[in-house]
Amino acid sequence: MPEAGASRRRIGVLVSGRGSNLQALIDAVGRGDLAATIAVVISNVPGAAALDRAAAAGIETLVLPHRDWPSREAYDEALAAALRDRGAELVCLAGFMRRLTGRFLDAFGGPVLNVHPSLLPAFPGLDGPGQALAHGVKVAGCTVHLVTPELDAGPIVAQAAVPVRTDDTHDTLAARILVEEHRLLPWAVGRVLDGGWRLDGRRFLDV
Ligand code: GRF
């Protein structure tokens, strides 16, 4: 088991909703599969279920409702400051339903990862599973990517595919994708924290 202590890498997780991907991170840390400490979980939505999951795991929680700030940039700077104050060196967006500006990325300064329920660049934006079903693709999946100011468009760290079945409904497909998200996200966070990677244009490559 990795030791809990000051030497562990500190990450911050941003959430807005149910928090199942946050739970996957908490569980991976608990099992010793992800050698990191979740320093803080921040929600822009008061009462998000993800906050209860964090509190149950003894993780500091913070609610920063974006409407309390006068501008998007001011909010993003406050968010970055809260993360830096807690020593976070990587940020994970786990169902954080708000676009971040370049101001956030510059102010935070470290890698920011997002998990998205489609095989990007197909179906960015809302409801990846619904878009996949409507388009009639035979293979769907999820993507973990580095966040850039463009929505769902940053360099891809990892992807996982699932079949689309003839009898799939939105819920059955979304559930099959979610299983893969929960596996992929902790792995990708560990991969980025471990280093030994570089970007060649858009390509995330081993050093
Ligand atoms: C996930 O499908 C994730 O890919 C997307 O938002 C959803 C969040 O779910 N970005 P949860 O809050 O982690 O359960």
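Since we're looking at a predicted model, the values are computed, not measured. As the structure lists them, so they are numbered: ligands from 1, and atoms in each ligand from 1.
Nearest-heavy-atom check against atom 13 (O) of ligand 1 across Asn21, Val144, Asp152, Leu184 picks out Asn21.
Residues Thr143 and His145 bring no donor and acceptor atom of their side chains to less than 3.5 Å of each other. Side-chain contact, Asp27 with His182: no donor N or O sits under 3.5 Å from an acceptor N or O.
In this structure, atom 1 (C) of ligand 1 lies nearest to the protein heavy atom Glu181 OE1, 3.2 Å. Here the heavy atom of the protein found nearest to atom 9 (O) of ligand 1 is Arg18 NH2, 3.2 Å. For atom 12 (O) of ligand 1, the closest non-hydrogen atom of the protein is Gly19 N, 2.8 Å. Counting only heavy atoms of the protein, atom 11 (P) of ligand 1 lies nearest to Ser20 N, 3.4 Å. Closest protein heavy atom to atom 8 (C) of ligand 1: Gly95 CA, 3.5 Å.
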Check the pair Val91 / Val13 against side chain to side chain contact (heavy atoms under 4.5 Å, CB included), numbers first and verdict last.
-> CA-CA 6 Å; Val91 172; Val13 183; over 6 Å; no
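In this structure, Arg98 forms a cation-pi arrangement with Tyr75, its terminal cationic atom sitting closer than 6.0 Å to the ring centre and no more than 45° off the ring axis.
Of the possible donor and acceptor atoms, none in the side chain of Arg10 sits under 3.5 Å from a partner among the backbone N and O of Ile38.
Ligand 1 places these atoms under 4.0 Å from at least one heavy atom of His116: 4 (O). If you number the atoms of ligand 1 from 1 as listed, the ones under 4.0 Å from a heavy atom of Val115 come out as 3 (C), 4 (O), 5 (C), 10 (N).
Between Arg31 and Asp33, at least one side-chain N (NZ, or NE/NH1/NH2) sits under 4.0 Å from a carboxylate O, which counts as a salt bridge.
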